[in-house]
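Working notes, beginning with the structure itself.
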Amino acid sequence: MLTSIEALTAHIKDGFKLAVPADYSGIAMEATRQIIRQGTKNLHLIGVPTSGLQAELLIGAGCVSIFESSALTLGEYNPAPRFSAAINEGSVKIVDATCPAIHAALQASQKGLPFMPLRGIIGSDILNNHPDWKVIQNPFSDTEDKIVAIPAIQPDAALFHAPLADQEGNVWVGRRREQINMAQASKTAYVTVEKIIEGNLLDDEELAAGVLPSLYVGAIAEVPSGTWPLAFWQGGSEDSEHLNLYKTMAATEEGFNEYLQKFVYSGEKS
Amino acid sequence: MLTSIEALTAHIKDGFKLAVPADYSGIAMEATRQIIRQGTKNLHLIGVPTSGLQAELLIGAGCVSIFESSALTLGEYNPAPRFSAAINEGSVKIVDATCPAIHAALQASQKGLPFMPLRGIIGSDILNNHPDWKVIQNPFSDTEDKIVAIPAIQPDAALFHAPLADQEGNVWVGRRREQINMAQASKTAYVTVEKIIEGNLLDDEELAAGVLPSLYVGAIAEVPSGTWPLAFWQGGSEDSEHLNLYKTMAATEEGFNEYLQKFVYSGEKS
Amino acid sequence: MTAASQKKALICFIAKLLRDCNHVAVGASSPIPGAAALLAKAVWSSPRHVNILGSTKNNFFTNGSQELFDCAAQGRIDAFFLGGGQIDGAANINLMGRGEYPLNTPRWPGTFGSAYLYFLIPKVILFREEHTRRVLVDKVDFISAPGTSDDNTYRTGGPFGLLTNKAFFKFNKNEKRFSLKSIHSNSSLEDILDNTGFAFDYEKDTPITAAPDPELLTVLDNEVSAKIKDVYPQFAQTIFVN
Amino acid sequence: MTAASQKKALICFIAKLLRDCNHVAVGASSPIPGAAALLAKAVWSSPRHVNILGSTKNNFFTNGSQELFDCAAQGRIDAFFLGGGQIDGAANINLMGRGEYPLNTPRWPGTFGSAYLYFLIPKVILFREEHTRRVLVDKVDFISAPGTSDDNTYRTGGPFGLLTNKAFFKFNKNEKRFSLKSIHSNSSLEDILDNTGFAFDYEKDTPITAAPDPELLTVLDNEVSAKIKDVYPQFAQTIFVN
């Protein structure tokens, strides 16, 4: 259960359906670089409910065949150059959703349901272009009342970064409970953490309230500053200088490859 | 927001749809006695997903017209005498469910959905006798695949007991997250707590993970040992002697009325 | 056989049934199955996860009381225990009451999660100590949860077997019938036939239930008893000397 | 009018629109609406609840990133802000990209929660500083979220108005049309007509947007600035002297 980052990402195979959280949660960026280093291909990447630099890098490095999410945003560093290039080339299949629909699809999986209904969406071109959603009649209404049915998505794995884990394999995610939903919706979860502590997080009721139990966890690796260069809600702020550098270098494919060489394959950190 | 127990229960009006948790959660027993004292009638009581002495007392005292739940159990003090009497007399309308269906109905309300689908149940006499559930075809299956649709239940209020609240109206429920679901599914929540503390529970990320935010809370009263004679997961164990006494006294209607006189109207505690 | 050693034998019997499981969930008021799960975990480290529901200390769920049901639907609970005021020969169980619903006499607490968990947990062990025609009936008065479902109904779980204080039956899903597997040493085939209200398959020479492995009993008494005292204090008093 | 005082004027303008709300949610990268919500709370204690999404310290949600959507569906969020690369005269918004989907040029980040929140939050204020025909178009290339729905569609929310750095429009749901309510002092009716790509209702004598209340500005500068610095440090640098 407690392992190295290399052993952790080795579980993530070609063609995996991989769920990752949004930037305000905890992004396993070091694990993402390791996925690129190990050469994983054809990921079906699910941004829950959005993604950012993580998806941008994986798409740019050619690891992704399907990207399913509600947005790919680099925040103030937008537009995302490799994502934009992939869109223009049509080289990655994009499944565009809206945030609560991604949550609903995962929650259906978490609850073992074939689908969840969801309000809104009707009249959006998202619905007209989505390959999987259906519009059904609300069975409890006597008059016309259409509602969107969102089929379950069960990822092969969830991958994220959290503040703490213990030696039993429990992970403290605190208020970032979308990580609990993601993990329970997925077949398993691979988690990098700032720190692995002695004892059992569940022995303290204050901590227990924010714990993902080990039942749902496949592997944990201790990776301090594992979200770099992104911010971490229980850690450092973003490395703005690096993100500006990324924006500059990734503007061309050559520059992006140089970026990969330097910051992914050679592992430089500034 | 912070108020007396009398002011808190005064919000609970005749005919309210009232959600209460199961005994392992936190039962607002002192508030329950105050509801009886104030003479509330025609409650539609929802045990989430079951209830115990709380429902038994409210039914016995004539406060309940509908009891909707998956069970009413006094644990080792079963059978529940006033519940059994009400069943025999047909004096209370009973809507029998199964635990995850109660959760699904509340979660539909929490999510603003008209219904939630739910696996299982088909072939149970619960389904044949339930007034509200429907069986629908899974819209994503090409072959016959029936699934139960559970319509939303939106209680007028949730009522429960929790360890802590702060002066801003935030409540710490810890791992007892069904209380968060109940509160969000209901129009508002009335909460008794062991202790009200200074400051803001959300300022500490360890505590924050187990907090029900004040947005969802209508009133809070500080009621130490508020679950007596029931146990509390963050407090004392049950008063077995009193529960045995209840079982003996409540075996007859006269004995139950004597119990009410002594332990509810006169407020004795042993 | 004393009452205590009879209960210990049931604990050891169940423990062996749980050895192939990863995660066993048990109700807080089910001390014999709970003790069995704790014993199996102590002896074989399998099941790896034991969850005592309703308890705070020995329960690792952190997502509220709905997590049990979600977890079952995810296929992450391998074994669970159900009982019933009535259990019939098709493994239908009745937790609602005797007589005609809704005016049952007696009325029992209600269906709890059985109408769901019975469908979704692969190894549901029906456990009821009382072995009488009052409990083991030809047809339950109310189906809280059906023992079997037709092929069109989504069902990944169901009854594995039925354990009482007289015998152990396995359930045959295709034939929708129990078959007697072993008879406890305090009973006999005649006793079973006299006290079972439903028809079931059996061999004339149905074996006696094997006595509990002495090593299991030793671990139960010496290592697991403290844990059981912690979770089920009143029950522990009835089976352990001190 | 300096850029800073123009932004402060927008903050004060929005604050007044939020005064009748109990709970306002704002994105972490929406500093002007966020500052406005904090200002309104400071001055009037209304809205009582301000939630800065994506922030940790100024966000009271504790149920994961789906709580925003659940909370909106419960009717517990009174006001929210949406923008868009394109906004059209029927209040349809496009966050997806210009040109034909899916090969947009440019492609923007995506629809986020707009296709849901626009239906469920009563007072959605469309806020986009840029007021040009590039942004305010006759018809969006892609409807991320529609401005209106037919009567059979469940919808409890929608557009209240559109605020830009030139003007404020209110949206008329029945006529599915914006009507110009006030023109900021740096602009004119002619300027608005020149730079708006959709038709809208207006009066010849549309008033000038009132200058911000000096008391509001004082509270903003003296009391709320610290809070805004805390939440939006870079933005605070651009509008506050120190």
Measure up the [X] and [Y] rings against each other and bin them: parallel (under 30°), tilted (30 to 60°), perpendicular (over 60°).
| X | Y | answer |
| --- | --- | --- |
| C/Y232 | C/F235 | perpendicular |
| C/Y116 | C/F69 | perpendicular |
| C/H23 | C/F60 | tilted |

Less than 4.5 Å to any heavy atom of chain C: does that hold for the side chain of [X], its backbone, both, or neither?
| X | answer |
| --- | --- |
| B/N78 | side chain |
| B/A97 | backbone |
| B/T73 | both |
| B/E76 | side chain |
| B/N128 | neither |
| B/Q107 | side chain |

Under a 4.5 Å heavy-atom cutoff, which of [options] has the most pairs with chain B?
| options | answer |
| --- | --- |
| C/S65, C/S144, C/A72, C/A115 | C/S65 |
| C/T153, C/N152, C/D70 | C/N152 |
| C/P106, C/G110, C/A73 | C/G110 |

With a 4.5 Å cut-off on heavy-atom pairs, point out which of [options] contacts chain C the most.
| options | result |
| --- | --- |
| B/T50, B/V173, B/N129 | B/N129 |
| B/S124, B/P100, B/A71 | B/P100 |
| B/N138, B/I94, B/L118, B/L127 | B/L118 |
| B/A80, B/P49, B/G123 | B/G123 |

Exercise. Does a sphere of radius 6.0 Å around NZ in B/K247 hold more than 12 heavy atoms from other residues, nucleotides or ligands, not counting ones at 6.0 Å or beyond?
Worked result: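 Atom NZ in B/K247 is packed in, count exceeds 12.
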For this session: Would you indicate whether C/K123, at its atom NZ, is surrounded by more than 12 heavy atoms from other residues, nucleotides or ligands within a distance under 6.0 Å?
Result: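 Above 12, so yes.
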Problem set entry | Nearest-0.5 Å distance that lies between atom CD1 in B/I27 and atom CD in B/Q54 |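 CD of B/Q54 is found 5.0 Å from CD1 of B/I27.
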Exercise. Do C/T196 and C/H131 have side-chain N/O donor and acceptor atoms under 3.5 Å apart?
Worked result: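 On atom types as modelled, these side chains qualify, holding a pair under 3.5 Å.
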Exercise. Taking the six-membered ring for Trp, is the centroid-to-centroid distance between B/Y77 and B/Y246 below 6.0 Å?
Worked result: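 No, too far apart.
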Proximal component of [X], with respect to chain B [non-hydrogen, under 4.5 Å]:
| X | answer |
| --- | --- |
| C/E67 | neither |
| C/Y118 | neither |
| C/S114 | backbone |

Exercise. Are the charged groups of C/K7 and C/E129 less than 4.0 angstrom apart, N to O?
Worked result: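 C/E129 and C/K7: salt-bridged.
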Exercise. Going through the checks in order, is the ring pair (Phe, Tyr, Trp, His ring centres under 6.0 Å) test met by C/F127 and C/F81?
Worked result: CA-CA 6 Å; C/F127 177 64; C/F81 299 86; 7.1 Å; no
